[in-house]
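For reference, the structure discussed in these notes is given below.
All values below were derived from every heavy atom in this structure, side-chain atoms included, with hydrogens, water molecules and symmetry-related copies excluded. Letters A, B, ... are given to chains in the order of the sequence lines, protein chains preceding strands, and every chain is numbered from 1.
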Number of protein chains: 2
Amino acid sequence: MTSAQRRPRGRPSQPVLTAERITEAAVRLVEARGHDALTVAALARELGVAPSALYNHVSTKNEVLRRVQDHVNREVDCSAFGRLPWDEALAAWARSYREVYARHVPLVPVIAVTPVRGAPHTLAMYERVAAGLRAGGWPEHLLVDAVVAVESFVLGSALDTQAPPDIFEPGEHAGSAPTFAAAVRARGGGDAAGAAFELGLGALVAGLRAVLAAADGAGAPDPRGS
Amino acid sequence: MTSAQRRPRGRPSQPVLTAERITEAAVRLVEARGHDALTVAALARELGVAPSALYNHVSTKNEVLRRVQDHVNREVDCSAFGRLPWDEALAAWARSYREVYARHVPLVPVIAVTPVRGAPHTLAMYERVAAGLRAGGWPEHLLVDAVVAVESFVLGSALDTQAPPDIFEPGEHAGSAPTFAAAVRARGGGDAAGAAFELGLGALVAGLRAVLAAADGAGAPDPRGS
DNA sequence: ACCTGAACACCGTTCAAGT
DNA sequence: ACCTGAACACCGTTCAAGT
């Protein structure tokens with residue numbers, strides 16, 4: 001069904017413009033010069049064609065973005081599932097996921113709304129996560145919600161990596177926010193976004209353990225410890 | 001220091017263009033016609049001036065966006081702090097926060113990187129949250145990380161509200177993702193994004209209760225229940 | 001001090017014309 | 001079938017000229 005297959009005779013000729021080639025060029029461009037550099041004009045330049053030529057193979061720039069996003073998802077490491085208990089594997093997946101999207105922040109709003117059909121690598125990632133959670137005892141009906149919850153936290157945390165280190169410095173209005181200002185001062189230096197992510201990830205995964213235990217049956221211990 | 005103060009004599013004259021007025025007009029525009037309608041040209045039109053006139057009062061469109069974001073934060077309901085236990089108040093705050101940013105999705109990447117200095121309403125929100133958590137027993141050094149963790153989850157969940165209902169429908173590649181496809185089918189219909197948010201919020205808050213209990217002292221029960 | 005109007009350097013996208 | 005080149009309808013921003 002590709003245009004290569006529709007080219008049955010004659011010499012192999014020159015490399016042809018395809019959606020796949022456009023995606024690869026877009027990934028190259030983003031990796032080399034960042035997301036701001038990904039314009040239709042730059043993409044066409046990279047491929048040695050006129051900008052309008054691209055529209056014979058993709059219908060919109062957003063389609064290119066969706067293809068890039070699926071491509072980027074291959075970088076997310078799901079290998080911990082099957083090797084570690086589900087909760088540790090989930091945390092490892094979340095760490096890798098966040099790291100990848102911290103390098104591709106403009107794709108965060110894209111992945112949040114892009115259907116998995118037509119995004120094979122994204123689908124493959126979810127399959128590995130789902131299989132790992134099922135093997136860990138998660139019931140089918142809660143599984144997707146649990147994945148989405150972790151994903152929401154991960155993507156929000158990926159955005160947070162872009163915050164300047166002094167984002168919470170209250171400046172001139174410190175007097176009107178004494179409690180918060182003191183808490184900001186008491187916060188450890190260094191990788192603040194990373195510390196918040198680890199705190200939240202630990203809490204979220206612990207809470208999910210409790211959800212699973214409660215779903216498993218009434219004999220499970222009370223996770224609140226009260 | 002405002003331009004009104006620098007206008008000591010003469011009649012009150014006509015309403016003057018100020019950063020505050022520009023912000024109000026921007027909020028009006030967004031509320032009436034959505035974020036896509038917020039262009040410099042439309043904003044100038046709303047105010048009855050030439051687009052270039054705005055640059056006498058704000059240095060960039062992004063500054064307008066930051067001002068709108070701070071304004072929007074007033075809508076987030078923090079009233080549960082002081083009225084309810086910290087964990088319930090935190091959950092109520094998170095629900096309101098998500099709801100507001102679900103209506104202002106384009107502001108999500110803005111709030112994630114905007115310093116609180118010069119954002120008085122945002123700072124006031126954090127102060128109420130911080131005071132509520134302190135009263136609930138949270139130590140200063142963990143407080144901001146806990147808030148950031150919840151915020152990351154909230155903002156990710158706000159993005160997730162924009163996902164189409166069939167975002168996880170695997171389509172033609174369902175065969176390569178049987179576990180995930182089955183879990184998607186087993187998922188309840190209705191407000192899927194809402195269900196994932198509530199599952200994650202419950203888990204995150206439960207996990208934070210455990211973090212606090214562990215920080216409070218060695219006598220606290222083991223949250224894992226093992 | 002602050003507004004206007006023209007201009008600039010971009011965007012993504014369309015489409016008639018070519019081959 | 002697919003590419004080029006010109007054009008379109010926008011963007012945000014700058015700046016000389018006015019008052």
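- Annotation: side chain to side chain donor-acceptor pair (under 3.5 Å) contacts of R134(A) (sequence neighbours excluded): none.
- Remark: R98(A) is positioned above the aromatic ring of F197(A), its terminal NZ or CZ atom under 6.0 angstrom from the ring centre and at most 45 degrees off the axis.
- When atom types are taken as modelled, the side chain of H104(B) and the backbone of Q69(B) share no donor-acceptor pair closer than 3.5 angstrom.
- Contact annotation: the side chain of V40(A) approaches that of Y55(A) to within less than 4.5 Å [non-hydrogen atoms, C-beta and beyond].
- Between L208(A) and W86(A) there is a side-chain heavy-atom pair separated by less than 4.5 Å.
- Regarding L54(A), its CG atom lies at a distance of 14 Å from the C1' atom of dG5(D), rounded to whole Å.
- Salt bridge absent: R185(A) and E140(B) never bring a charged side-chain N and a carboxylate O closer than 4.0 Å.
- Counting to the nearest Å, the P atom of dC3(C) and the CG atom of L17(B) are 5 Å from each other.
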Using the 3.5 Å cut-off, write out each protein N or O paired with an N or O of nucleotides 11-13 of chain D and the distance between them.
unit_1	atom_1	unit_2	atom_2	d
dG12(D)	OP1	K61(B)	NZ	3.0
dG12(D)	OP2	V40(B)	N	3.1
dT13(D)	OP1	T60(B)	OG1	2.6
dT13(D)	OP2	Y55(B)	OH	2.6
dT13(D)	OP2	K61(B)	N	2.8
dT13(D)	O5'	Y55(B)	OH	3.3

>> Once pairs are restricted to Watson-Crick or G-U wobble with both distances under 3.5 Å, how does DNA chain D read as a dot-bracket string, [ ] for crossings and | for other-strand pairs?
In response: ||.|||||...|||||.||
Give me, pair by pair, the N or O atoms of the protein and of nucleotides 16-19 of chain C that are less than 3.5 Å apart, along with how far apart they are.
none

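- One finds the OG1 atom of T179(A) at 3.5 Å from the CD atom of E127(B) (value rounded to the nearest 0.5 Å).
- Shown here are the side chain to side chain donor-acceptor pair (under 3.5 Å) partners of H35(B), two or more places apart in sequence or in another chain: there are none.
- One can place CG of L47(B) at 15 Å from P of dC2(C), the figure rounded to the nearest angstrom.
- Between E99(A) and R95(A) no salt bridge is recorded (no basic side-chain N to carboxylate O distance below 4.0 Å).
- Rounded to whole Å, the distance from CZ on R45(B) to C1' on dC10(D) is 15 Å.
- Atom CG in N56(B) sits about 5 Å away from atom C1' in dC2(C), given to the nearest Å.
- Residue H57(B) has no polar side-chain atom (N or O) positioned under 4.0 Å from OP1 or OP2 of dA1(C).
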> Step by step, would you call E46(A) with R28(A) a salt bridge (charged side-chain N to carboxylate O under 4.0 Å, His left out)?
Replying inline: CA-CA 9 Å; E46(A) 176 89 11; R28(A) 240 181 295 133; 2.8 Å; yes
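- With sequence neighbours left out, the ring pair (Phe, Tyr, Trp, His ring centres under 6.0 Å) criterion links Y97(B) to W93(B), Y101(B).
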